[in-house]
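Below you'll find the structure, written out as structure tokens, and then a few comments.
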Amino acid sequence: MSVTHAPQTADVLTRQDPELAEILLGELHRQSSTLQLIAAENFCSPAVLAALGSALANKYAEGYPGARHHGGCEIVDVAERLAVDRAKSLFGAEHANVQSHSGSSAVLAAYAALLRPGDTVLALGLPYGGHLTHGSPANFSGRWFDFVGYGVDAETGLIDHDQVRTLARTHRPKAIVCGSIAYPRHIDYAFFREVADEVGAYLIADAAHPIGLVAGGAAPSPVPYADVVCATTHKVLRGPRGGMILCGGDLAERVDRAVFPFTQGGAQMHTIAAKAVAFGEAATPAFAAYAHQVVANARVLAAALADEGLVVTTGGTDTHLVTADPAPLGVDGRTARGRLAAAGLVLDCCALPHADTRGLRLGTAAVTTQGMAEKEMERIAALLAGVVRGEVESVRAREEVRDLVGGFPPYPA
Ligand SMILES: Cc1ncc(COP(=O)(O)O)c(C=O)c1O
């Protein structure tokens, strides 16, 4: 098995640094021998990994193509222009900035482009699935801005649109953020645009999670509605770990300056090249089929978990994400996650709206990349419930996980 899947480096690493090579192989083994159900993760392609492990990692490139602070950027300029052009074409955006090092960096830059410290921002509250960058006191966002949180309806788990409108009218925010780490339903971007226009606010869509579904035509796009769209490139989109920002031409210069030099230094050219590869892959019919299968799988997984007795938030999903309360099976989310981890099912806990205990957050991006389909989702749900209930002990569960994933290797051996 190759250590990195980047052909030019794999063998060298094994020879030169067997200690580190063993760690990489161990992680590859962990990823391919357990079930990857973390909603924020995926398996990027060998081509993406090859770009990440390329000579572009050596290059310093502060600035933007054609206007760099370093010499020797003529080749990486082509790579960045390609990534930008592919992102614009994939998402139908007038402008794309592909330099953000992560989703959080993209959000930071969006705020820097549009806001001043002390401005009021309306965003989904953290207990309902808002991200740390949406006003957590532990994050720059909560320290530098005055965040007001909207929530979800206690009965349906759906975003409380009446509350959004009322809070917007009361607080007159400078920006409204829509986007979540755990909301399993489509976001009504037209509604948020309407409210933002009514109160004179910018609309920032943090589409870190659904952007890959958007690329594949399996979820509505925020691009026609939001002033600025922030995203990650490594979730359903299946690219390298990183971020990007899409916006209209009118905000292009402000966004670019907010990324560099305001919040970041030199661009990571190997990651930008890998983003270009991922955007190219995401523009193919095969990726569109993948994105739709991700959603089909999540729907089956949600329904099967509900059949097993878990309480699925909002009663289902429109996306790759499923959140569920295992309490009816006799344990809280933290205990359930521990049992599942011991059994080889890797997933996250998450806050449950209007509940004191935590729930489980699952995603189907990675298992779908592996080629799993509806049948496997039913098998996963049954196994998960058996483990959580304590009916299937971890050794037997691990055997079943190995049997399940054995037929779906994420990378060729
Ligand atoms: C909605 C949302 N915004 C921002 C981020 C931050 O992305 P990163 O971890 O790349 O900083 C995430 C990550 O999961 C997210 O879900």
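In what follows, every heavy atom counts, from backbone to side chain, and hydrogens, waters and symmetry copies are set aside. Start at 1 and go down the list; that is how both ligands and their atoms are numbered.
Side-chain atoms of R172 never come within 3.5 Å of backbone atoms of G200 as a donor-acceptor pair (strictly under, hydrogens ignored). A donor-acceptor contact shorter than 3.5 Å links the side chain of Q36 to the backbone of Q31.
Remark: ligand 1 and T133 share no N or O pair separated by less than 3.5 Å (distance only, no angle test). The shortest N or O to N or O distance between D206 and ligand 1 is under 3.5 Å.
For the ligand labelled ligand 1, residue G243 lies outside the 4.0 Å heavy-atom shell.
Residues D197 and R193 are paired through a salt bridge, judged by an N-O separation under 4.0 Å between the basic side chain and the carboxylate.
Ring pair H161/F192 is perpendicular by interplanar angle, where above 60° counts as perpendicular and below 30° as parallel. Between H320 and H209, the ring planes are parallel. Angles under 30° get that label, and only those over 60° would be called perpendicular.
Counting heavy atoms under 4.0 Å from ligand 1, residue S105 does not touch it at all. Contacts with ligand 1 closer than 4.0 Å are made by side-chain heavy atoms of A208 only, the backbone lying farther away.
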> After noting the C-alpha distance and the side-chain angles of R358 and D332, does the key distance pass the salt bridge (charged side-chain N to carboxylate O under 4.0 Å, His left out) rule?
Replying inline: CA-CA 6 Å; R358 290 174 73 72; D332 64 15; over 6 Å; no
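The distance from ligand 1 to the heavy atoms of H234 drops below 4.0 Å at these ligand atoms: 10 (O). For ligand 1, the atoms sitting less than 4.0 Å from at least one non-hydrogen atom of S180 are 1 (C), numbered in the order shown with element in parentheses. For ligand 1, the atoms lying closer than 4.0 Å to a non-hydrogen atom of T232 are 7 (O), 10 (O).
Residue K235 holds the heavy atom nearest to atom 13 (C) of ligand 1 of all those in K235, R241, H209.
Residue, atom and distance of the protein heavy atom nearest to atom 10 (O) of ligand 1 are G103 N, 2.9 Å. Given atom 11 (O) of ligand 1, the protein heavy atom at minimum distance is S104 OG, 2.7 Å. Of all protein heavy atoms, the one lying nearest to atom 5 (C) of ligand 1 is H131 NE2, 3.3 Å.
Tested against Y64, the residues V84, N97, D77 include a single side chain to side chain contact (heavy atoms under 4.5 Å, CB included) partner, N97.
In this structure, R86 fails the cation-pi test against F91, since its NZ or CZ atom is not both closer than 6.0 Å to the six-membered ring centre and inside 45 degrees of the ring normal.
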